[in-house]
Enquirer: 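Right, I'll just put the structure down here and ask away after.
Residue numbers start at 1 and run along the sequence shown.
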Amino acid sequence: MASLTIDNLHKSYGNVDVLKGIDIEIEDGGFLVLVGPSGCGKSTLLNTIAGLEDITDGDIRIGKQSVSGLAPSKRDIAMVFQSYALYPNMTVAENISFGMEVRGVAKAERNAAIERVADILQIGQLLDRKPAQLSGGQRQRVAMGRALVRDPQVFLFDEPLSNLDAKLRVDMRTEIKRLHQRMGTTIVYVTHDQIEALTLASKIAVLKDGLLQQFGTPAEIYDNPVNMFVADFMGSPSMNLLEATIVASDDGLAASLATGTTAPVLLPIDKQENISGYLGKSVILGIRPEALTDPSGADQASEQIIERECLIDVVEPAGSDTFAVLQLGGKQAIARLRANAKVQTGQTTSLAFDMAKVVFFDPDTTNRIL
């Protein structure tokens, strides 16, 4: 195991800049998830770590050693691909041990390694089967086993779950989390699925158009997004981003949200000094659906719960939750309520706004204000 440092990394194809000065450092044994929309540069970044792509400028260090310019075989990494890349004519055991056989590892050592990873991944009963006889989840376990026998310093995962159905994806996500907790190996994991990122990572790097938007823990990324892109991209349902006007009120400053039918909703702002320059101007108010809920479901430990009457447009029961859709700030907003919350379409009901979890953005720069 080793730490991974990416220092001012640039990657260009001719005149096209794909990665634009990426700075990331993940600790020994950390789980780094690279997340972002298609074309943001996350797979290219993973390929530069693996040595499959040359870098244009900057440096990549595994531990204290720079690996920039080293061949993939010299970097002490192992990679798990999206497509599994198993040899169809080989058994599971042969697929797992093939790399060791090529490197001239003794048969007894190969067999011990196969037994070890088969136990970790619970695929001992599959060792004599061929890939065509396996399910998608079993094939992915075999691909992971082939990487595990290497015992590398860093594991690289390139969207390994994207070919699986929804339930199997959740199951395999749990297996990968359990594997990391058991082995404590440094992992770099690429996905476009922000739920995978939030559940697996010790650190998340959010990329867009080759630029690092934010780097931090899942809680930092989710609760304190630095801009509107991160706020909107991370979370399901995503953060409500609503146009508000900063106005003076009896208690200082407040955010005024248009409702379209009734009087505006006025929400008092606690840290007024940070937003006083926006008095009379429009801002974007961000609030997660779970911070906009029925009063009984609100965080009872919060000291900034504000209740306001709101007109409900649509009610969507979802088993463990009920989602309510309403008009705020000229947009559709989603509130996450308790499953048994008493709300009905077309009726006005009291909703709780947790102002301790509200953030504000500048509508022009899209960057965080407060």
Enquirer: As an exercise, state the distance from CG of D57 to CG of D17, rounded to the nearest 0.5 Å.
Expert: 11.0 Å
Enquirer: Rounded to the nearest 0.5 Å, how far does CG of L121 lie from CZ of R141?
Expert: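 Taking CZ in R141 and CG in L121, the distance rounds to 7.0 Å.
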Enquirer: Would you call D171-K177 a salt bridge at under 4.0 Å N-O?
Expert: no
Enquirer: Output yes when R61 and D59 qualify as a salt bridge under the 4.0 Å nitrogen-oxygen rule, no when they do not.
Expert: yes
Enquirer: Which heavy atom in L241 sits nearest to a heavy atom in M228, and how many Å separate them?
Expert: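 Minimum heavy-atom contact is CD1-O, 4.0 Å.
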Enquirer: Judged by modelled atom types alone, do T48 and E53 share a side-chain donor-acceptor pair under 3.5 Å?
Expert: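 No.
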Enquirer: In terms of relative ring orientation, are F31 and Y189 parallel, tilted or perpendicular, with 30° and 60° separating the classes?
Expert: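 F31 vs Y189 ring planes: tilted.
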Enquirer: Which atom pair, heavy atoms only, marks the closest approach of P160 to I176?
Expert: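 Closest approach of P160 to I176, heavy atoms only: CG-CD1, 4.5 Å.
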Enquirer: Less than 4.0 angstrom from a charged side-chain N to a carboxylate O is my criterion; do R169 and D165 meet it?
Expert: no
Enquirer: Against L34, only a single residue in T44, L45, T191 fulfils side-chain contact (heavy atoms from CB on, under 4.5 Å); can you say which?
Expert: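 Result: among T44, L45, T191, L45 is the only option passing the side-chain contact (heavy atoms from CB on, under 4.5 Å) with L34.
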Enquirer: Taking all non-hydrogen atoms of both residues, which atom of M90 and which atom of N95 are closest, and how far apart?
Expert: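 Closest heavy-atom pair between M90 and N95: O-ND2, 3.3 Å.
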Enquirer: Within the 3.5 Å criterion, strictly below it, is a donor on Y84 or N163 matched to an acceptor on the partner's side chain?
Expert: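 There is no such pair (donor and acceptor under 3.5 Å, judged by atom type) between the side chains of Y84 and N163.
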Enquirer: How many angstroms lie between atom CD1 of I334 and atom CD of Q332, to the nearest 0.5 angstrom?
Expert: 6.0 Å
Enquirer: Would you give the length of the straight line joining atom CG of D294 to atom CZ of R336, rounded to the nearest 0.5 angstrom?
Expert: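 The CZ atom of R336 is 12.5 Å from CG of D294, to the nearest 0.5 Å.
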Enquirer: Got more than 12 heavy atoms from elsewhere within 6.0 Å of CG, D128?
Expert: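 Incorrect, the count does not exceed 12.
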Enquirer: Assign the ring pair F155 / F157 to parallel, tilted or perpendicular, where the plane angle (0 to 90°) is split at 30° and 60°.
Expert: tilted
Enquirer: Quick one: CG on L328 to CG on D313, what's the gap to the nearest 0.5 Å?
Expert: 9.5 Å
Enquirer: For side-chain hydrogen bond (donor to acceptor under 3.5 Å, both in side chains), just list the numbers for E307 and S350, CA-CA rounded to whole Å, side-chain angles, deciding distance to a tenth of an Å, and then say yes or no.
Expert: CA-CA 6 Å; E307 294 187 27; S350 182; 3.1 Å; yes
Enquirer: Run the salt-bridge test on E243 and K331 with the 4.0 Å N-O cut-off and return the result as yes or no.
Expert: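 Result for this pair is no, no salt bridge flagged.
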Enquirer: To the nearest 0.5 Å, tell me how far Q133 CD sits from L126 CG.
Expert: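 Rounded to the nearest 0.5 Å, the CD-CG separation comes to 9.5 Å.
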